[in-house]
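In what follows, a single structure is set out as structure tokens and then discussed.
FYI, side chains are in, hydrogens and waters are out, and symmetry mates aren't considered; it's all heavy atoms of this structure.
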Amino acid sequence: MKLTFLGSGGGRFSAISQRRMTGGFRIDNLGGKNYHIDPGPGALIRTYQFGFDPRNLSGIIVSHSHTDHYNDAEILIEAMTRGMTKRRGTIVGSKSVLEGYEKWGPCISSYHKSQSDQLVLEPDKFRQLDNVTIKGTRTSHGDPTGSGFQIDYRGFKISYTSDTGYFEGLADEHKGADILIASVLRPGYRPIKGHMCSKDFADLINEVKPQVAVMTHLGLKMISSNPVTEAKKVFKRTGVKTIAAYDGLSFNVNYNNPKRFRLISLKDTQSSIHSTSHALYEGERKNSYQLAFKHKEFDELSILKRN
């Protein structure tokens with residue numbers, strides 16, 4: 001299994017300024033399936049930029065109805081379903097994302113839901129998603145139906161808090177996690193409502209006791225305070241290996257020994273489509289027709305004629 005962060009920024013002002021990318025993250029080769037989590041602004045572009053193909057997605061998971069988490073979900077659904085021509089994949093989301101709740105959502109149109117299965121994330125509800133079990137986890141955030149999740153693959157557990165303030169019982173939601181991924185908006189000891197700071201994350205780690213912890217969805221104050229320094233402080237308080245995510249961070253997960261891994265920094269040049277290498281760009285351009293034919297991608301006129 002591989003974890004890749006197509007953006008480590010979070011919050012409306014990080015999304016607006018793009019001081020850190022906001023493309024969410026991918027879990028690849030989890031039981032042979034690939035998932036994109038919280039595809040915020042730029043997720044599609046970052047997918048190609050770091051050398052991935054959105055057409056190989058098995059599912060898209062959106063935790064709640066805030067733009068920095070759902071913005072690119074529909075275009076990724078189109079990629080997953082081959083331009084809405086094939087029934088493929090699963091769209092996983094909170095009630096607000098898939099159905100709408102009061103003033104929140106829905107974030108996915110009926111059209112975009114029409115060619116995929118849907119799975120609503122609800123706290124403490126277990127669902128089967130391909131080869132894994134996924135459980136919704138409670139959050140304390142602006143969207144009252146927002147949900148984190150814990151994925152269980154043959155006893156190996158990955159937890160994602162999504163956006164949430166720290167609250168009593170949060171650790172119970174993520175108990176048993178081998179890898180704990182959390183949205184940590186602010187540094188130090190001063191959280192804002194609906195979000196965690198570094199101290200909150202350290203407290204959560206001490207209760208959950210994961211083998212590896214990752215802080216992502218970093219706000220402007222966190223970015224300015226140096227996230228790596230904050231991660232080191234969290235490690236000192238917890239003794240748990242803590243990673244401050246950055247744009248293009250990738251690492252393979254060893255199920256038997258999660259603490260043993262090597263961080264990889266993906267570069268723009270790994271994607272021929274967005275590369276500054278003219279040779280790579282020319283090769284991609286020359287092969288565009290062959291690639292389109294291979295993936296059965298045709299323009300709308302061709303589809304109409306065929307039907």
Side-chain angles (χ1 to χ4, degrees), residues 3 10 23-27 30-31 33-40 43 57-74 76-77 80 88-110 112-153 156-167 169-183 194-196 204 208 210 214 216-217:
L3 284 171
F25 65 98
R26 282 180 61 125
I27 303 176
L30 180 61
K33 304 292 183 178
N34 308 318
Y35 304 100
H36 197 131
I37 292 87
D38 281 353
L57 287 171
S58 309
I60 294 159
I61 306 175
V62 183
S63 63
H64 64 287
S65 295
H66 286 163
T67 314
D68 54 334
H69 292 258
Y70 75 76
N71 191 79
D72 276 21
E74 290 183 334
L76 287 178
I77 291 168
M80 181 172 68
R88 293 188 73 251
T90 306
I91 306 165
V92 182
S94 66
K95 181 177 180 180
S96 60
V97 170
L98 290 173
E99 302 173 2
Y101 179 81
E102 296 181 357
K103 65 180 180 180
W104 292 274
C107 304
I108 312 296
S109 71
S110 297
H112 286 95
K113 289 186 288 187
S114 65
Q115 290 287 56
S116 301
D117 296 328
Q118 290 109 57
L119 190 158
V120 177
L121 279 176
E122 296 178 275
D124 302 317
K125 298 288 186 181
F126 292 84
R127 300 282 189 268
Q128 193 65 32
L129 173 63
D130 299 320
N131 300 321
V132 304
T133 300
I134 185 169
K135 177 192 78 169
T137 61
R138 286 187 297 150
T139 64
S140 175
H141 193 53
D143 177 351
T145 73
S147 180
F149 62 78
Q150 184 174 83
I151 287 176
D152 186 335
Y153 175 63
F156 189 91
K157 296 179 180 179
I158 307 164
S159 264
Y160 172 54
T161 67
S162 182
D163 284 358
T164 182
Y166 182 85
F167 60 88
L170 179 61
D172 293 334
E173 299 292 308
H174 300 280
K175 184 178 180 180
D178 294 287
I179 297 178
L180 177 63
I181 304 170
S183 297
H195 294 278
M196 284 192 286
L204 181 62
V208 174
V214 183
T216 188
H217 198 73

With rounding to the nearest 0.5 angstrom, report the CD1 to CD1 distance, Ile151 to Ile37.
6.0 Å
Do Val120 and Lys125 touch side chain to side chain, with heavy atoms closer than 4.5 Å?
no
To the nearest 0.5 Å, how far apart are OG1 in Thr216 and CD1 in Ile181?
8.0 Å
Can you classify the ring geometry of His217 versus His69 as parallel (below 30°), tilted (30 to 60°) or perpendicular (above 60°)?
tilted
Quick one, Asp163 and Thr139 - any side-chain contact, counting heavy atoms below 4.5 Å?
no
dist Thr90:OG1 -> Ile60:CD1 (nearest 0.5 Å) comes out at 10.0 Å
Here the pair of heavy atoms bringing Gln150 nearest to Lys157 is OE1-CD, 3.5 Å
Under the side-chain contact (heavy atoms from CB on, under 4.5 Å) rule, what do Glu102 and Thr145 come out as? Steps first, then yes or no, please.
CA-CA 10 Å; Glu102 296 181 357; Thr145 73; over 6 Å; no
Least distance between heavy atoms, Cys107 atom then Ser65 atom
SG-OG, 3.2 Å
Determine whether Glu99 and Tyr101 make a side-chain contact, defined as any pair of heavy atoms from C-beta on separated by less than 4.5 Å.
no
Can you list the residues that meet the ring-ring contact (aromatic ring centres under 6.0 Å, His included) rule with His141, with sequence neighbours excluded?
His64, His66, His195
Nearest heavy-atom contact between Met196 and Ala182 is CE-CB, 3.9 Å
Rounded to the nearest 0.5 Å, how far apart are CG of Leu119 and CG of Leu129?
6.5 Å
Say you draw a straight line from CD1 of Ile158 to CG of Asp178; how long is it, rounded to the nearest 0.5 Å?
8.5 Å
N/O donor-acceptor pair under 3.5 Å between Ser147 side chain and Pro123 backbone
no
Any chance you could lay out the side-chain contact (heavy atoms from CB on, under 4.5 Å) test for Tyr35 and Val92, step after step, and finish with the verdict?
CA-CA 10 Å; Tyr35 304 100; Val92 182; over 6 Å; no
Measure across Val62 and Pro39 and return the closest heavy-atom pair with its distance rounded to 0.1 Å.
CG2-CD, 4.1 Å
Could you tell me if the side chain of Gln128 sits less than 4.5 Å from the side chain of Thr133, heavy atoms only?
yes
Side-chain touch Tyr160/Asp38, heavy atoms, less than 4.5 angstrom
yes
Please check if the side chain of Ser58 supplies one atom and the backbone of Asn34 the other of a donor-acceptor pair under 3.5 Å.
yes
Does any N or O in the side chain of Gln118 come within less than 3.5 Å of the main-chain N or O of Leu98, such that one atom is a donor and the other an acceptor?
no
Where His174 and Val208 come nearest, the two heavy atoms and their spacing:
O-CG1, 3.3 Å
Using the rule given for side-chain contact (heavy atoms from CB on, under 4.5 Å), can you reason through Glu122 versus Arg127, listing the C-alpha separation, both sets of side-chain angles and the distance that settles it, and then say yes or no?
CA-CA 9 Å; Glu122 296 178 275; Arg127 300 282 189 268; 3.2 Å; yes
Counting C-beta onward and ignoring hydrogens, is there a side-chain heavy-atom pair between Leu204 and Thr161 closer than 4.5 Å?
yes
Between CZ of Phe156 and CG of Leu30, what distance do you get to the nearest 0.5 Å?
9.5 Å
Is the shortest heavy-atom distance from the side chain of Tyr70 to the side chain of Val97 under 4.5 Å?
no
Would Ser96 and Asp143 count as a side chain to side chain donor-acceptor pair (under 3.5 Å) if you check the C-alpha gap in whole Å, the side-chain angles of each, and the deciding distance to 0.1 Å?
CA-CA 8 Å; Ser96 60; Asp143 177 351; 2.5 Å; yes
Does a side-chain heavy-atom distance below 4.5 Å link Ile179 with Pro210?
no
For the student: nearest non-hydrogen atoms of Arg88 and Ser116, plus distance:
O-OG, 2.7 Å
Going by an N to O cut-off under 4.0 Å, is there a salt bridge joining Lys135 and Glu173?
no
